[in-house]
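Take a look at the structure set out below.
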Amino acid sequence: WDTAKFQEVFSRFGKITSVDLRKDEEGKSKCFGFVNYETHEEALAAIEEGCKISVGEDKTLFVDRFQKKAERNALLSRKRDDAKREKSEKYKNLNLYVKNLDEDVDEAKLKELFEPFGEISSVVVMRDEKQVSRGFGFVCYVNAEDATKALAEMNTK
């Protein structure tokens, strides 16, 4: 997109007072820009309807109000923390930490050791950059009861 197309597309929502389509030092689009409208209502219409504008086969524009960098970073940080918390809650009481593994224990052996307690969704042995076991791994069960059973039975063995 060039500035003319950018302005043409966003002018359907109201009277534009300024447009800034960001470009790099070579003049290539950075794929974002800013539009300022005469009224708040026009800006709200652009936010609501602009997200429906197609810019490719399966892409649509992201349109939102201007945010200072600190505000945007705080919002992104909150979103990341929420996603991390959600993932943690999803696997709570399902994922077991297993340490003191022999060097020759791989995922198959670890799975074999813990399979008698229930259905396992994933097994991983942590390795260093040379692919040597770091002596610990994780076993994730499908349900919490199986994980609890395995923990009670295998702890300190």
Side-chain angles (χ1 to χ4, degrees), residues 1-99 106-108 110-111 114-115 117-134 136-151:
W1 287 23
D2 59 9
T3 304
K5 178 168 173 114
F6 192 59
Q7 184 156 0
E8 175 193 327
V9 168
F10 281 92
S11 65
R12 72 175 88 159
F13 304 113
K15 186 169 184 197
I16 295 175
T17 58
S18 66
V19 171
D20 184 14
L21 184 61
R22 292 300 174 125
K23 297 181 182 209
D24 65 16
E25 51 280 340
E26 295 172 6
K28 283 179 51 181
S29 173
K30 286 187 172 183
C31 299
F32 73 94
F34 303 96
V35 179
N36 194 50
Y37 289 96
E38 198 167 84
T39 69
H40 180 69
E41 292 72 29
E42 293 167 340
L44 289 176
I47 290 170
E48 192 172 311
E49 295 298 317
C51 294
K52 299 174 187 173
I53 298 172
S54 179
V55 289
E57 284 182 31
D58 58 348
K59 282 187 179 180
T60 56
L61 290 179
F62 172 80
V63 182
D64 205 353
R65 69 176 185 78
F66 173 79
Q67 297 172 331
K68 291 182 180 174
K69 188 173 187 176
E71 183 183 2
R72 191 172 57 252
N73 286 342
L75 178 68
L76 291 172
S77 178
R78 257 192 322 276
K79 282 185 177 181
R80 274 192 304 275
D81 290 347
D82 290 347
K84 195 184 284 184
R85 197 173 6 268
E86 188 178 299
K87 185 176 182 182
S88 175
E89 282 298 315
K90 181 179 178 184
Y91 295 108
K92 189 176 185 176
N93 301 324
L94 296 176
N95 207 14
L96 300 180
Y97 168 71
V98 184
K99 68 179 184 176
D106 61 5
E107 280 82 358
L110 189 57
K111 186 172 185 175
F114 282 85
E115 233 169 4
F117 304 104
E119 187 180 348
I120 294 173
S121 62
S122 67
V123 176
V124 66
V125 173
M126 302 308 289
R127 301 180 182 285
D128 65 15
E129 59 279 344
K130 295 177 183 170
Q131 297 305 306
V132 176
S133 172
R134 293 176 60 194
F136 71 95
F138 299 92
V139 177
C140 189
Y141 282 90
V142 171
N143 66 60
E145 295 80 30
D146 294 341
T148 303
K149 194 170 24 172
L151 181 63

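Note that the coordinates shown come from a computational prediction; the quantities given were computed from them, not determined experimentally.
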For this session: If a pair satisfies ring pair (Phe, Tyr, Trp, His ring centres under 6.0 Å) and one of its residues is in residues 42-77, list it, with sequence neighbours excluded.
Result: Phe34-Phe66

Exercise. Atom CZ of Arg78 and atom CG of Asn73: how far apart are they, to the nearest 0.5 Å?
Worked result: 11.0 Å

Problem set entry | Rounded distance [0.5 Å steps], CD in Gln7 versus CG in Asp2 | 10.5 Å

For this session: Taking the side chain as every heavy atom from C-beta outward, state whether Ile120 and Glu115 have any atom pair closer than 4.5 Å.
Result: yes

Exercise. Applying ring pair (Phe, Tyr, Trp, His ring centres under 6.0 Å), which residue pairs with at least one partner in residues 37-56 are found, sequence neighbours left out?
Worked result: none

Problem set entry | Closest non-hydrogen atom pair, Glu49 against Phe13 | CB-CE2, 3.3 Å

For this session: Find the distance between SG (Cys31) and NZ (Lys23) and round it off to the nearest 0.5 Å.
Result: 11.0 Å

Exercise. Nearest heavy-atom pair of Glu42 and Lys15: which atoms, and what distance?
Worked result: OE2-N, 3.3 Å

For this session: For Glu71, look at atom CD and say whether over 12 heavy atoms of other residues, nucleotides or ligands are found less than 6.0 Å away.
Result: yes

Exercise. Do Tyr141 side-chain atoms and Phe114 backbone N/O form a donor-acceptor pair below 3.5 Å?
Worked result: yes

Exercise. For the atom pair CG (Leu151) and CG (Asp146), what is the distance rounded to the nearest 0.5 Å?
Worked result: 12.5 Å

Exercise. When rounded to the nearest 0.5 angstrom, what is the spacing between CD1 in Ile53 and CZ in Arg12?
Worked result: 4.5 Å

Exercise. So among Leu110, Asn95, Val124, Val125, which one has a side chain to side chain contact (heavy atoms under 4.5 Å, CB included) with Val139?
Worked result: Leu110

Exercise. Tell me, do Phe117 and Leu96 make a side-chain contact under 4.5 Å, heavy atoms counted?
Worked result: no

Exercise. What distance do Asp106 atom CG and Arg127 atom CZ have between them, rounded to the nearest 0.5 Å?
Worked result: 6.5 Å

For this session: Check whether more than 12 heavy atoms from other residues, nucleotides or ligands sit under 6.0 Å from atom CD of Gln131, and answer yes or no.
Result: yes

Exercise. So do the side chains of Lys52 and Val63 get within less than 4.5 Å of each other, counting heavy atoms only?
Worked result: no

Problem set entry | Pair Asp82 + Arg85: basic N to acidic O under 4.0 Å | yes

Exercise. Among all residues two or more places apart in sequence or in another chain, which pass the side chain to side chain contact (heavy atoms under 4.5 Å, CB included) test with Thr17?
Worked result: Asn36, Glu38

Problem set entry | Non-hydrogen side-chain atoms of Leu44 and Glu48 separated by less than 4.5 Å | no

Exercise. Counting distance only, does the side-chain N/O of Arg134 pair as donor-acceptor with the main-chain N or O of Met126 below 3.5 Å?
Worked result: no

